[in-house]
Number of protein chains: 2
Amino acid sequence: MTSVYGGSGDPARSIELLWGLREPPRRGPKPKLTVDGIAAAAIGIADAEGLAALSMRRVAAELGVTAMSLYSYVPGKAELIDVMVDRVVGENGVPDHEPGGWRSRLERVARQAWDRYLRHPWLLQVATSRPVLGPNIIARYDYELRAVAGIGLSNIEMDLVVSMIADYVHGAVRTAVELAQAEQQTGKTDIAWWEERAPLLAKVFDAERYPVAAEVGAAAGEEYQAAVDPARSFEFGLARLLDGVAVLVERAARGETA
Amino acid sequence: MTSVYGGSGDPARSIELLWGLREPPRRGPKPKLTVDGIAAAAIGIADAEGLAALSMRRVAAELGVTAMSLYSYVPGKAELIDVMVDRVVGENGVPDHEPGGWRSRLERVARQAWDRYLRHPWLLQVATSRPVLGPNIIARYDYELRAVAGIGLSNIEMDLVVSMIADYVHGAVRTAVELAQAEQQTGKTDIAWWEERAPLLAKVFDAERYPVAAEVGAAAGEEYQAAVDPARSFEFGLARLLDGVAVLVERAARGETA
DNA sequence: TTGAACTTCTTACAGCGTAGGCTATTATTC
DNA sequence: GAATAATAGCCTACGCTGTAAGAAGTTCAA
């Protein structure tokens with residue numbers, strides 16, 4: 001299950017943390033930890049065990065302090081997650097200039113997001129409307145928009161295209177992550193799991209009433225040796241999506257309004 | 001935030017619950033509750049307060065019993081959620097035959113999913129790989145496939161198209177729900193919220209370094225009077241997606257393989 | 001009437017985020 | 001060098017979670 005976690009406890013404080021503002025006066029005992037170190041430990045836990053396993057006590061234990069010590073560095077868990085997000089968004093740097101046409105650039109944007117979600121599946125569960133605008137998030141937003149800049153789209157259309165890609169990738173990678181997690185947690189591959197349930201399913205499933213589902217389900221099972229093949233699904237969906245954008249771009253090139 | 005909740009504690013037991021198998025012998029005190037009643041109460045809570053607020057104690061309180069009483073009817077919380085999902089998937093019935101061409105049928109599939117997610121935002125947080133195949137989930141899967149049946153696509157392509165639509169809708173509606181929840185929780189509209197943060201953002205955001213983001217962000221803010229307009233975003237994305245499917249369908253009609 | 005089957009309630013456990021208060025440590029000021 | 005102020009870190013405590021274990025109460029079949 002997923003519950004919607006959102007960062008953004010106090011956005012102003014989060015922004016200060018993210019941009020390294022508010023250097024504190026130099027009194028009192030020397031800090032044992034740093035915000036970056038705490039975020040790194042938290043990211044490690046979330047990557048390995050999921051966002052549900054991420055607790056202040058758990059992070060503190062990892063760092064050899066008590067839970068309450070973390071509150072000297074970070075106002076709360078929500079702001080810590082804000083920092084985590086900005087860190088992983090900037091993980092491998094944000095490219096400056098990208099060669100190729102809009103299609104290959106957009107494809108790269110989508111694949112980078114896909115890879116990032118696979119590396120950090122907990123990102124799927126972090127609410128990103130009203131994102132806290134850390135340095136990396138801003139840089140990446142600019143980078144993504146540049147993929148569709150200068151090809152005849154209006155500013156609004158550029159924003160819509162980038163949002164659409166983001167929405168689709170989120171949905172697609174979620175399927176992939178859920179499949180992987182299900183296999184890991186049950187120790188059974190998808191095909192083994194479904195075969196195990198086949199006898200019970202046969203009792204309740206009326207193939208005559210639902211012939212299309214029966215045929216397609218069987219075909220998919222044979223083809224993938226699983227109920228789904230998320231990577232292939234992503235490739236297929238991305239290709240269709242970009243085909244659809246191409247129609248828009250051509251229309252714009254001919255001077256038509258959508 | 002969202003944590004990934006998934007139903008599916010014991011799938012076999014869930015299937016029995018969903019299909020009303022395992023009528024129990026008639027001894028002992030008369031049951032005060034029914035599985036359907038419990039699921040209805042749980043759906044009400046999840047709709048109104050979110051999946052995070054859904055606890056066994058909360059459901060029990062709603063029904064005037066103690067938490068542990070529920071365990072006579074349902075093996076656990078995970079299986080309860082399985083039942084909830086199947087119920088809302090069948091909520092308004094699953095249509096038998098749909099008029100129109102593949103495009104209007106697919107559009108209808110997407111809009112029904114969109115509406116369902118808006119009515120029951122907690123569905124976004126329930127893992128659906130390895131779904132528990134209740135009667136309504138099966139019926140809807142068949143219905144969705146029928147939207148793209150008989151137009152020249154292979155079984156695999158039909159499955160891929162339906163998955164792609166599902167993935168996109170999930171991603172798009174998630175944005176919409178997050179925005180609505182953010183407005184509800186903060187009591188501030190999107191535009192008011194961003195304007196409030198503008199001074200702090202101006203301090204850290206370098207418009208010269210990120211000219212595209214600056215321009216597009218400003219344009220979007222003016223156009224939507226918000227950072228995003230989810231309904232418009234959905235319409236735009238769906239149109240592009242269906243344009244992309246049209247390319248595929250035309251290619252199939254010409255006998256080409258993808 | 002008795003016993004089995006079943007429902008319901010009580011108790012308990014370990015874990016969560018974090019408020020409040022305390023002590024120990026350090027840099028600055030006199 | 002001593003006093004002071006500010007900070008770091010720890011401890012305790014609250015109400016919440018899902019559900020295991022077991023006791024108590026209710027209803028039917030024999």
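Atom CG in Leu70(A) sits roughly 18 Å away from atom P in dT7(D) (whole-Å rounding). Remark: C1' of dC10(D) and CG of Leu63(A) are 16 Å apart, rounded to the nearest angstrom. At whole-Å resolution of the value, CD1 in Ile38(A) and C1' in dG9(D) are 12 Å apart.
Distances were taken from every side-chain heavy atom of Ser72(A) (C-beta onward) to each of dC10(D), dA27(C), dA8(D); the shortest belongs to dA8(D). In the set dT26(C), dT7(C), dC9(C), the nucleotide with an atom closest to the side chain of Thr66(B) is dC9(C).
Closest non-hydrogen pair, Val89(A) versus Arg116(A), comes out as CA-CD, 4.0 Å.
For the side-chain contact (heavy atoms from CB on, under 4.5 Å) test, residues two or more places apart in sequence or in another chain that qualify with Asp159(A) are Tyr141(A), Ser163(A), Val216(B), Ala220(B), Tyr224(B). Remark: Ala207(A) engages Phe205(A), Ala214(A) in a side-chain contact (heavy atoms from CB on, under 4.5 Å) (not counting sequence neighbours).
The aromatic rings of His170(A) and Tyr117(A) lie perpendicular to each other, with more than 60° between the two planes, well past the 30° mark.
Proximity of a side-chain donor or acceptor of His120(A) to a complementary backbone N or O of Val88(A) within less than 3.5 Å is not detected.
Between Arg87(A) and Asp36(A), at least one side-chain nitrogen of the basic residue sits less than 4.0 Å from a carboxylate oxygen of the acidic one, meeting the salt-bridge criterion.
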Protein and nucleotides 18-20 of chain D: nitrogen or oxygen contacts under 3.5 angstrom:
unit_1  : atom_1 : unit_2   : atom_2 : d
dG18(D) : OP1    : Met56(B) : N      : 3.4
dG18(D) : OP1    : Lys77(B) : NZ     : 3.0
dG18(D) : OP2    : Met56(B) : N      : 3.1
dG18(D) : N7     : Arg57(B) : NH2    : 2.5
dG18(D) : O6     : Arg57(B) : NH2    : 2.7
dT19(D) : OP2    : Tyr71(B) : OH     : 2.7
dT19(D) : OP2    : Lys77(B) : N      : 3.1
dT19(D) : O5'    : Tyr71(B) : OH     : 3.4
dT19(D) : O4     : Arg57(B) : NH1    : 3.4
dT19(D) : O4     : Arg57(B) : NH2    : 3.2

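Regarding contacts with the backbone of dG9(D), a side-chain N or O of Tyr73(A) is found under 4.0 angstrom from either OP1 or OP2. Considering only side-chain N and O atoms, Ser69(B) lies under 4.0 angstrom from the phosphate OP1 or OP2 of dC9(C).
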